[in-house]
Amino acid sequence: MSELFSDYNLRPELISAIARAGYTAPRPVQQASMPAILAGRDVLAQAQTGSGKTLAFAVGCLQQLNFNKNAMQAIVLCPTRELAEQVAEQCRVLAKDMPNAKVLTLCGGQPMGPQINSLRHGCHIIVGTPGRVMDHVQKKRITLKHLKVRVFDEADRMLDMGFTDDLAVIFAGLRGPVQTLFFSATFTEATTALAQAYLRDPESIKVDSEQRANVSELVYTVEDGQRFNALKALLTTEQPNSAMVFCRTKRTTQEVADMLAQEGFVVAAIQGDMEQVDRNRVLMRFASDCLNVLVATDVAARGLDIAGVDCVVNYEVSENPDAHIHRIGRAGRAQQPGMAFTLMSESEGAALAAIEIHTKQDLKKKGAQSLRFHANRIIEPEFVCLNLNEGKKAKLRPGDILGALTKDADVPGEDIGKIKVQANESFVAVKRRSVKRALKLFREGKIKGKRVRAFKL
Ligand code: AMP
């Protein structure tokens, strides 16, 4: 296996872009999949978000396409807009030294006009969500005549979201073989069937989550009806700055988040019924340390680009061992070991046993009655997230926001946390003690000569 990107015989423009992005050595998933990808073979990979799989398939596409020909040659399909945008961004970073390469994002929930326009101008790589890509294919705005590579990213989640038929429609008109790269965090019967429908003699690879060894796991046995009490007691005992709580259903997810909020926790839910803008806001708050607890379903959490959390709590035992591994893979921040707790009632014994067999370990168990809830030990996040109503389209950059806050509003630099500028809005995390001053700036002052409205999330 190659220890260096330069061993792969890549285009020099790719080697330079990889080095500039700061990637020194290929990750295990890249080492395992890139030889087959670069040899033009189909690949079936079990890999988690955070493993580095995007770079593996992005390099595969960028290495093989002909950017002197104005024709769409690769399609990457992702379950959500967030993931599609992350993938497109990574492709663009890697294509920095290939000035002709055009990457186009086509996601649902976005206006059609600009997408139609961009398609008219042409592109080489499309990254999108299946529903919207299907629309364009059906209206003949996309032709698959020159397609060389197609990628199914987070295939299990596309399946969960009911995109199977859309995928079939997109590729119904395909003539001749193309290379297919299929990535999924978990493999169930349905995912395997989907893979079989699209792949030819694939090279199969499996990479365990690298963070796993670092996570210490403990199971709390709970009485039915005592689950929520155990959760809030656990959170005030461990006092994590960031915790993800996983539930099986959207309904429980929302209920648990609402009940925790009532107790005084700074918490939000993320589940499939939420509007995109609300999901985005919740994610921004969590990623910038403005929320201590995020309650999520497996489906909604998969694919989220969250660096890692102090603590994962399985509010209910996961029915699928792979999903369990995926959940606890989130624990651990910046090389710090993470903690993962599972609340298990008697009726969940079989599901836990399946996880223990799958992961070849006996998990330590303790009675949840040893846990005590301490209302005065609920911690507050250090930062508050401010949402600004302007973004990249108004030529706003992170430096402008930082400059205005530190120079015009006298907010100490150490009181400003993460700043994220998106197309039409921005987010800035500000320490509690400086929130008033920051809001006053947005109420009364200007940034780059423009009035920018802000509100607390
Ligand atoms: P992914 O699993 O594709 O979502 O990637 C997770 C993260 O790993 C991304 O933020 C990448 O920037 C980063 N990454 C990918 N490949 C490498 C590498 N070889 N070395 C260091 N970081 C990487």
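Just so you know, these numbers use all the heavy atoms, side chains as well, and skip hydrogens, waters and symmetry mates. Fair warning: this is a prediction, and the values are worked out from it, not measured in the lab. Counting starts at 1 for both ligands and their atoms, following the listed order.
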**Asked** Is the closest basic N to carboxylate O distance between K395 and E390 below 4.0 Å?
**Response** no
**Request:** For ligand 1, note which part of A21 has a heavy atom under 4.0 Å away: side chain, backbone, both or neither.
**Result:** neither
**Asked** Heavy atoms only: which of E89, R27, Q30 is nearest to atom 8 (O) of ligand 1?
**Response** R27
**Asked** Any N or O on T24 sitting closer than 3.5 Å to an N or O of ligand 1?
**Response** no
**Request:** Check whether the ring centres of Y198 and F152 lie less than 6.0 Å apart, and answer yes or no.
**Result:** yes
**Asked** With atoms numbered from 1 as shown, which atoms in ligand 1 lie under 4.0 angstrom from a non-hydrogen atom of F5?
**Response** 19 (N)
**Prompt:** Any Lys/Arg nitrogen of K431 or E382 sitting under 4.0 Å from an Asp/Glu carboxylate oxygen of the other?
**Reply:** yes
**Prompt:** Under 4.0 Å between a Lys/Arg side-chain N and an Asp/Glu carboxylate O for R20 and D97?
**Reply:** yes
**Side chain to side chain, F182 and R150, heavy atoms closer than 4.5 Å** = no
**Fill in**
Per-atom filter on ligand 1: closer than 4.0 angstrom to a heavy atom of A25 are 18 (C), 19 (N), 20 (N)
**F57 and ligand 1 - part of the residue with a heavy-atom distance under 4.0 Å** = neither
**Item:** Ionic contact status for E316 with R248, cut-off 4.0 Å
**Value:** no
**Prompt:** Under 3.5 Å between some N or O of ligand 1 and some N or O of P26?
**Reply:** no
**Asked** Do R281 and F427 meet the cation-pi criteria used here (NZ or CZ under 6.0 Å from the six-membered ring centre, within 45° of the axis)?
**Response** no
**Option with minimal heavy-atom separation from atom 3 (O) of ligand 1, where the choices are L83, V59, D153, T54** = T54
**Prompt:** Considering only heavy atoms of S51, which atoms of ligand 1 have at least one such atom less than 4.0 Å away?
**Reply:** 2 (O)
